[in-house]
Amino acid sequence: MDVLGIQLLIGISYGMLLFVLASGLSLIMGVMRILNLAHGSLYMIGAYVGVTVAHLSGPWSNFWLAALVAGLTGGLIGLVLERVFFSRLYKELDGQVLATLGFVYIFENLVRWIWGPLQKMVSPPAFLSGSTIVGGLTFPTYRFALIVIGLVTAVGLWLLVEKTRVGAIIRAGMDDREMTGGLGVNFGRIASAVFFLGTFMAGFAGFLGTAMSGVSPFIGMPIMLLAVIVVVVGGMGSIPGALLGAMIIGIIDSFGKAYFPDLALFTAYLAMIGILLLRPSGLLGRKEV
Amino acid sequence: MRKKRVSKIIVGVCLLLLLALALPLAIACAPKAAEQQVIKIGVILDFQGAVAEFGAFNEQGMRFKLNEIGHQVAGKRVEIIVEDGQGEPAPAVDKARKLVEQDGVVIMIGPVMTHAAAAVQQYLKPFGIPYFSILDWTPELLEQGTVFMTAGTGDAYSYVLGYHAGTQLGYKKAAVLYPDYNWGQAQFAGFRDGFTAQGGEIVQTFPTDIFSLDFAPYFSSLKDEVDVLAFVCFAGNMPIFMRQYKEFGVKTPLMLLKGSVISTEVMSPEMVADVGQDMQGILTAEAYSSYIDTGTNQDFVARFESKYGQRPELNAMMGYASLTAALETIEKTNGDTSPDKLMAAAKGLKVELPHGNIEYSENGMGILDIYIMRAEMRDGAFAWIPVQKYEQVNTYILHEKFD
Amino acid sequence: MGRMDAGFIKQMIPFAPYLVSGIILVVLPFAVPPYFRSMLTKILIFAIFALSLNLIWGYTGLLSLGHAAFFGVAGYAAGILIINYGIESFWLVAPAAILITTLVAALFGVIALRVSGIYFLLVTLALGQLVNSVGVKWKSVTGGSDGLPGIPFPALGLSWFTWNTTYFYYFVLLVFVICYFLLYRIIKSPFGHALQGIRDNEPRMQSLGYNTWLYKYIIFIIAGSFAGVAGVLFASFLGMMAPQHAGVTTSVLVMLMVIIGGKTVFFGPVIGAAVIILLEYFSSIIVPLRWPLILGGALVASVMFLRGGISIYLIKLWEKVRSGYGSFKG
């Protein structure tokens, strides 16, 4: 293991975090054709609520409990957004974009108001803290955990979408929503459930990310942009696509920071534009019907 | 129905705003005569952005000074008008415009963020009013001749630190991590100059985003041969920085460029508990610490603490210092607030502070003592303890002084 | 005699709002404090910017999330030409900057118009952020995240003339009037009507034989150029350019102006610009740290409740006044 290898591991672990976040966005965009630009803000809010819970004394300061709370926060806020706003903006893309952008600013300012402008941090659970020696080099144990969590999430989501009845309905809905209604399925409820799941993932990812490198009120927009790039590159609605996209973007980001600091973000946007022009459905996406 | 009512409300608000455009704000252009009696000093602070926590402390020190002098200077009432520059150039210029064109301030102070200050200085050019810094800025702002750098230039501190590292501590190879904008670059340049002047070598540099949250790529690629890692880190990032430092098994000694960004007052109790212990032994160079051992300083600290319930940290002291300088400039002109008189009075001004003096040279450079300090935990609080003093440092003659 | 007067006045009525607004705009600087004059200038600059966005959004149905890219490119181009290359004359700098912006718009248009719907939104977002990140990273040219300070008022080459904020206001007002007139002619022309046809039903226009891609492309470039005009003015106004002026936050600001002013009415964006900039000013006085909250709230409220923008109401008001007057005279 050498320095390059460590950089690769950093990129992969960061990519896994992006994957957990972006998978939620991918499902929402693929299933409901909703462009929720507030997805990054839900990452942030979930993180802050989770951190607050984790810093409570007593039985509440359990890492996994806090992570769950973070996810639930994301999911619940997402559900409210969906019921109150998106249901009224169905098929109005411009309206969705503007409203969700509005929420990015609202959430950023609210969080800053409540928690202050400084970054917040949380410690990973004791057994995941500290470092592991890999081939003579030291690597944080928690980042390994992130890789595992990411893979478990990937497998879980993939099973859900490909192997379950609910998943079949979701896939059908991605291709032709009206048809599923005709088949007697209440797609609206499934759609809400998908939205909840997607935004749960966002909040959950937020807390996980905070244990790795902290969170600030201003992270909502940048991380949303990264998630969007991942989804576009990987393909809307595709879990393997989100995984692939996240790996690519994660590695570009970390190698970029270490070796080409001037180019990293630039490259990511170029990749996104390139994909949109050459293969809009993404590397592993479903072709537009 | 409800939708219609809300839209009517929105329309009403909008029309009201438009009416406000048509009707001049009488309050704004009202009794100018009464205002002649009040001298106004414009203050732009950073309440947002990378150094969001500084603004409150700067203001603390300034208000403390105002109370000390009973809001009077040269026989007239004096006021400070504080605006939030948001830590960015464009909003800072916006606020400067308001302070000058609407409020009629005679002297401008701040903000801390150098790139915002550079923009404000450009705006102030045609008005010719003295522009005081609170902390340090970068040297090129002195070219106009309208700027007075209260705490000298930023590279002075990192130069002293680099010099100290090379001569007193015998380090030969260094790596530098800094945020990639003009202030951060100046920190790097200062350290590099001081360190290499004694034959040291900078083997690695890590320019980061201003808001960098993740230091993993840098720690993982840090070479073993490096004797010391000089770094810039804002308070909020410190716990993350220290945690990742340990996670990647880095053992290289640390030197913090511009330690002012870290202090007990800035760090939350959780942060102190989190990293206070780990940070012990880190060295920095700064202009002030409440632990400086002179009688007058300890006196000042006691008074400050009884009023605010916390010790004065560097930002509070420099807020105090910059306002003191502005006030003494006005005293020197006997209350004459015309720009040229004020400008002339500020040059060569010597300001006495609880811990020492600051002198402004003819070209506006602040000349002051710089202390090497070590991080320690004292009574459960994080403290910067002075270990060595470099006296009356003037960046312009820096190289001659130390060679 | 009386009958001729009534007829003449009736003919002039449609022009009345323009006349009144024109008089107000010319006289206003003298009625407001100096700081407000700067704000009026800012309103006019953003009015041009917002009108340009409405060309593609309100009239052609294309929402670009990266429109500020052109605003930023123009401002930076002007600044870089003046500061880095020492080209002082406004008569060289402004056309050059606008030309550069037009070329960028031509390039971006080819890229963006290859896709539609959600993908168009994402491509324009990415292009805008790309310009933003170039502004941040290309430090040697753009000054990086510190921005590019020291941009002067336009050097007109008239030795007897020195600038101040009031003169600059009238200069911007002149440019605004010219742009308004030009944009109005474009919209009222057959070309403009075709655009609206494309917005409402593109397949139908295609079946009628229109090359809809070409129409969209041309208006995309024109919109970019006019955004560029606003950008050049802004560079002199603020005296500096920063990367965020090309990024999504500035794009969102001008989107809010269009939506609140009304995108179905030609002068809507102008009203919107005035409202938003005033809102920004008041919020910085009353609740300084809460501007993003207000901005976001206004955006959500506009989308949910204010479909036509406030200009619709202004027009209804005007119609009422007109019919009232007409019945009195008639």
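Order of the sequence lines sets the chain letters (A, B, ...), proteins ahead of strands, with each chain counted from 1. The figures here come from the full heavy-atom set of this structure, side chains too, leaving out hydrogens, waters and symmetry mates. If you're wondering where the values come from, they're calculated on a predicted model, not measured in any experiment.
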(request) Would you mind checking which part of A/Ile219 comes under 4.5 Å of any heavy atom in chain B, side chain (CB onward), backbone (N, CA, C, O), both or neither? (result) side chain
(request) For A/Ser123 and B/Arg243, work out which heavy atoms get closest and say how close. (result) CA-NH2, 3.4 Å
(message) Could you measure the distance from the OG1 atom of A/Thr138 to the CZ atom of B/Phe219? Nearest 0.5 Å is fine.
(response) 12.5 Å
(request) Check for a donor-acceptor pair, side chain of A/Gln7 on one end and backbone N or O of B/Ser220 on the other, with a separation under 3.5 Å. (result) no
(message) Please rank A/Ser131, A/Pro140, A/Ser13 by heavy-atom pairs under 4.5 Å with chain B and give me the top one.
(response) A/Pro140
(message) Quick check for you: to the nearest 0.5 Å, what is the distance between B/Phe206 atom CZ and A/Lys257 atom NZ?
(response) 13.5 Å
(message) Using only non-hydrogen atoms and a strict under-4.5 angstrom cutoff, which residues of residues 244-252 of chain B touch chain A?
(response) B/Gln244, B/Lys246, B/Glu247, B/Phe248, B/Gly249
(request) Counting only heavy atoms closer than 4.5 Å, note whether A/Ser129 contacts chain B via side chain, backbone, both or neither. (result) neither
(request) Using a cut-off of under 4.5 Å on heavy-atom pairs, state which of A/Lys120, A/Met212, A/Arg143 scores highest against chain B. (result) A/Arg143
(request) Can you measure from OG (A/Ser254) to OH (B/Tyr218) and round to the nearest 0.5 angstrom? (result) 10.0 Å
